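Only one structure is covered here, and it is reproduced in the block below.
When reading the values below, keep in mind they use all heavy atoms of this one structure, side chains included, and skip hydrogens, waters and symmetry mates. Please read these numbers as outputs of a predicted model, since none were measured by experiment.
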Amino acid sequence: MSEDEIIDLIFNNQRDIRQGTAIRKENNEVLNKLNEIEKLLQYLIKSKERGVQQNVSLCEQILSSAYVILDDSIGNISRNYYVVELDSSRKLITFRDTIELLNFYFSQTINEQDLDDKLPKRLVPLFRFMRRNGLIYFDYDKKRYLIVDYK
């Protein structure tokens, strides 16, 4: 299918009259190709964003998303960072102050539902990630969330 035919199909300016099924088939082909192009563009955009993030400092990455998960080994990390090994190669890194702030909100709430309302929006992604991955849990005896200590 030539470029002119694709453009004609997109704008419904067909030069010759065809059967309805043939037109629908060609329209489906065009839509499938457009979907492939969109997926490719999304992949390229994501890979470009990853490339840009790798050139940004660790502090800036954490500031932009509240936490970072690194796949590679990292050298010496300042004491201001909180590091949790997720598995043999991946590590969760955030600021110690952020963890202390989470602990503060954990101590202020007495049930699970109140925390969702009181937690600042910036901490919600970190909280959800940690809860989903078993790094925090709700202790029903103490009636508060606790961070799992792996050390």
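Every side chain to side chain contact (heavy atoms under 4.5 Å, CB included) that Ser78 has, sequence neighbours left out, goes to Asn80, Tyr81. Partners of Arg131 according to the salt bridge (Lys or Arg N to Asp or Glu O under 4.0 Å) rule, which considers only residues two or more places apart in sequence or in another chain, do not exist here. In terms of the side chain to side chain contact (heavy atoms under 4.5 Å, CB included) criterion, residue partners of Asp97 (sequence neighbours excluded) are, by chain and number, Glu100. Judged as a side chain to side chain contact (heavy atoms under 4.5 Å, CB included), and not counting sequence neighbours, the contacts of Glu38 are Asn35, Gln42. Residues satisfying the ring-ring contact (aromatic ring centres under 6.0 Å, His included) criterion with Tyr140, sequence neighbours excluded, are Phe138.
The shortest side-chain heavy-atom distance between Ile99 and Ile147 falls under the 4.5 Å cut-off. Residues Glu85 and Asp87 are not in side-chain contact: their nearest non-hydrogen atoms beyond the backbone lie 4.5 Å or more apart. Residues Tyr137 and Val148 meet the side-chain proximity criterion, which asks for heavy atoms closer than 4.5 Å.
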Practice item. Give the C-alpha distance, both sets of side-chain angles, the deciding distance and a yes or no for side-chain contact (heavy atoms from CB on, under 4.5 Å) between Leu119 and Phe127. Key: CA-CA 9 Å; Leu119 205 59; Phe127 171 72; 3.6 Å; yes
Practice item. Applying side-chain contact (heavy atoms from CB on, under 4.5 Å), run through Val68 and Leu92 and close with a yes or a no. Key: CA-CA 6 Å; Val68 173; Leu92 168 93; over 6 Å; no
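Going from atom CD1 of Ile69 over to atom NZ of Lys91 covers 12.5 Å, rounded to the nearest 0.5 Å. Expressed to the nearest 0.5 Å, how far CD of Gln108 lies from NZ of Lys118 amounts to 7.0 Å. Once rounded to the nearest 0.5 Å, the distance linking CD1 of Ile62 with OG1 of Thr98 reads 8.0 Å.
Ring centroid separation for the pair Phe129 and Tyr67 comes in under the 6.0 Å cut-off.
Of all non-hydrogen atoms in Leu63 and Arg122, the two that sit nearest each other are O-NH2, 2.8 Å.
When Leu102, Leu135, Leu101 are each tested for a side-chain contact (heavy atoms from CB on, under 4.5 Å) with Leu126, only one passes: Leu102.
Within 6.0 Å of atom CZ in Arg128, 12 or fewer heavy atoms from other residues, nucleotides or ligands are found, so the atom counts as exposed in its surroundings.
Between the side chain of Thr94 and the backbone N or O of Ala66 there is at least one donor-acceptor pair closer than 3.5 Å.
Counting only residues at least two apart or on different chains, the ring-ring contact (aromatic ring centres under 6.0 Å, His included) pairs with a member in residues 103-126 are Phe106-Tyr145.
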